[in-house]
Number of protein chains: 2
Amino acid sequence: MAAARPVKAVRQRRGRGERADIPITRDTIVATAFRLIDERGPDGFSMRSLATELGVFPATLYWHVGDRAHLLGLVEHEWINGIELPALSDDWRAWMLAVARSYRRHAHRHPNVARLMSVERARNTDNLTIPDAVVGALARLGAGDDLVHAYNAVVGAVQGFVVIELARIGDPTPESMADTERDLRSLDPQRFPHITSHFDHLAERALSVRWSEESVQLPDESFDFLVGLLIDGLAARFLPR
Amino acid sequence: MAAARPVKAVRQRRGRGERADIPITRDTIVATAFRLIDERGPDGFSMRSLATELGVFPATLYWHVGDRAHLLGLVEHEWINGIELPALSDDWRAWMLAVARSYRRHAHRHPNVARLMSVERARNTDNLTIPDAVVGALARLGAGDDLVHAYNAVVGAVQGFVVIELARIGDPTPESMADTERDLRSLDPQRFPHITSHFDHLAERALSVRWSEESVQLPDESFDFLVGLLIDGLAARFLPR
DNA sequence: ACCTGAACACCGTTCAAGT
DNA sequence: ACCTGAACACCGTTCAAGT
């Protein structure tokens, strides 16, 4: 699909039925929607703001791409296509880690778009390149009758981890962030003995113990740790020793 | 927090400033919002529909619970409080599996509410009971400097798995479901050699290879398989052998 | 303190009418 | 085939005005 070319058409009066001078295409619409969501977040995106950005009336979008849900499906498609699939390697451990990291890296590049994945999902019949490669790797490992479960476990955990880490921590105003920090720092050691005793170790790094916007991304080590657990677990189950 | 008592107040005319005969409380609002989201899904829920259900004007809600984001935070709180924490046990493996299953079971009981978790998050300073218990278990295992990462890996994977499995598969009309099924059944074996060759094994059971609404819930075995991988991985890292 | 009534600035979507 | 212009049925939120 074409790269997102910057379309900043200034709305200029046009009579009924008159063509736009820059012809609106399906690709332009999807690319612009992608850019708007990416830059302004889901709240700054609407069918109407997209139409304005493109210099057309909202109804035009419906003619080209159908309704909002369908458009978001196309954006999802675009996003998934942007993930680089690491070259197949003999070392399946290294390959799986590379795939997982590649997926996460792409999500971090476009967090606002990536957040859509968990909410408004489109058809999933295309974009099966990575799933197919993962199924292949697991089958080659000898997953056998556990193939589905190994697949679901790995994909669900990796994809899910990224969704959870990117989930918004409430509204990102300085005040609410300060409030959260204060509340977390003054937790009752009676009720939460373990979090409080390991507070310095967890603060701003652990899920549920974050407050600033910069800490949306969890430590890379946490992700690698997870993938390590999965890989070792698979090896223990399927590889002869 | 009080159980959700059924409030079906029929809107009856009231003059300016007049009190409702059934007094509206914060708890009633939250409980009713929970019920509406649960029953009708996020699309059937709005501040206005909630107000109508309660027999008041929308502005009343703002007086009691603040804006929509804040209300959803309270609903989230309510949901999380509903998770049963299994009694601490000496067998940490059994305990972790029990906690993970308990979380997932609760999500499946209220899928529409659970879906909110990944999107509109409130403050997370309360409801730290389960996180605290998990931190405690991992610390006791001897996670040491890897405590954060072990915690993030386990919680991110378990919570994330559930989010991914519950994510909507596009719109659930019979036609679109049939379309997806047809597309999946007629995948190109050249492009997707592994999925096609294991199709019968994966169909309706694997992420990305589902089409019906009944298959939102992945096989329980897949979830248990994941938790097994995590537990074994932790044991291999932290337990002396 | 608590609620009404109305208003404001938005939405997504549809549709007849134009070229 | 492609787009306008207007309309419809909704939103979330605010605010003065009532009791």
Side-chain angles (χ1 to χ4, degrees), chain A residues 7 9-30 32-33 36-37 40-75 116 119-120 122 170-171 173, chain B residues 7 9-30 32-33 36-37 40-75 116 119-120 122 170-171 173:
Chain A
V7 178
V10 178
R11 185 89 177 82
Q12 54 209 52
R13 291 214 77 59
R14 220 172 303 131
R16 274 188 176 270
E18 240 179 286
R19 290 289 165 71
D21 20 42
I22 307 157
I24 302 297
T25 68
R26 203 183 162 93
D27 285 1
T28 326
I29 294 174
V30 174
T32 309
L36 283 188
I37 295 170
R40 320 220 265 242
D43 298 344
F45 170 80
S46 70
M47 295 300 274
R48 293 183 107 105
S49 67
L50 174 57
T52 304
E53 181 81 8
L54 289 168
V56 297
F57 276 70
T60 307
L61 303 177
Y62 289 79
W63 195 92
H64 284 283
V65 295
D67 63 10
R68 183 191 156 95
H70 193 255
L71 171 56
L72 291 178
L74 297 174
V75 171
L116 287 178
V119 198
E120 327 220 21
D171 79 318
T173 63
Chain B
V7 178
V10 177
R11 184 91 177 81
Q12 52 211 55
R13 292 213 78 59
R14 220 173 302 132
R16 275 188 176 268
E18 242 179 284
R19 290 289 165 73
D21 20 42
I22 307 158
I24 302 298
T25 68
R26 206 182 160 91
D27 285 2
T28 326
I29 294 175
V30 173
T32 309
L36 283 187
I37 296 170
R40 322 221 263 242
D43 297 346
F45 170 80
S46 69
M47 296 300 275
R48 293 183 107 104
S49 66
L50 174 57
T52 304
E53 181 81 9
L54 290 168
V56 296
F57 276 71
T60 305
L61 304 177
Y62 289 79
W63 196 92
H64 285 283
V65 294
D67 63 11
R68 182 190 156 96
H70 193 255
L71 171 56
L72 292 177
L74 297 174
V75 172
L116 287 179
V119 199
E120 328 218 20
D171 79 317
T173 64

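Every chain is numbered from 1 and lettered A, B, ... according to where its sequence line falls, protein lines coming before strand lines. Side-chain atoms are counted along with the backbone in the values below, which use heavy atoms only and exclude waters and symmetry mates.
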Tell me: [atom1] of [X] to [atom2] of [N], nearest whole Å?
X: Leu61(B); N: dT13(D); atom1: CG; atom2: C1'; value: 11 Å
X: Phe45(B); N: dC10(D); atom1: CZ; atom2: C1'; value: 15 Å
X: Tyr62(B); N: dC2(C); atom1: OH; atom2: C1'; value: 17 Å
X: Arg68(A); N: dC10(D); atom1: CZ; atom2: C1'; value: 14 Å
X: His70(A); N: dT14(C); atom1: NE2; atom2: P; value: 14 Å
X: Leu50(A); N: dC3(D); atom1: CG; atom2: P; value: 13 Å
X: Ile24(A); N: dT4(D); atom1: CD1; atom2: C1'; value: 13 Å
X: Leu72(B); N: dC11(D); atom1: CG; atom2: P; value: 15 Å

Pairing nucleotide - dA17(D), Watson-Crick or G-U, each distance under 3.5 Å: none
Mate of dC11(D) across any strand shown (Watson-Crick or G-U wobble, both atom pairs under 3.5 Å) is none
Quick one: is [X] getting a side-chain N or O under 4.0 Å of the [N] phosphate, OP1 or OP2?
X: Ser46(B); N: dG12(D); answer: yes
X: Thr60(A); N: dT4(D); answer: yes
X: His64(A); N: dC3(D); answer: yes

Considering only side-chain heavy atoms of [X], which listed nucleotide, [options], is closest?
X: Met47(B); options: dG12(D), dA1(C), dT14(C); value: dG12(D)
X: Arg48(A); options: dA7(C), dC11(C), dT4(D); value: dC11(C)
X: Trp63(B); options: dG5(C), dG12(D), dC2(C); value: dC2(C)

Could you measure the distance from the [atom1] atom of [X] to the [atom2] atom of [Y]? Nearest 0.5 Å is fine.
X: Met47(A); Y: Phe57(A); atom1: CE; atom2: CZ; result: 15.0 Å
X: Leu61(A); Y: His70(A); atom1: CG; atom2: NE2; result: 13.5 Å
X: Asp27(B); Y: Thr32(B); atom1: CG; atom2: OG1; result: 10.0 Å
X: Leu71(B); Y: His64(B); atom1: CG; atom2: NE2; result: 12.0 Å
X: Phe45(B); Y: Leu116(B); atom1: CZ; atom2: CG; result: 8.5 Å

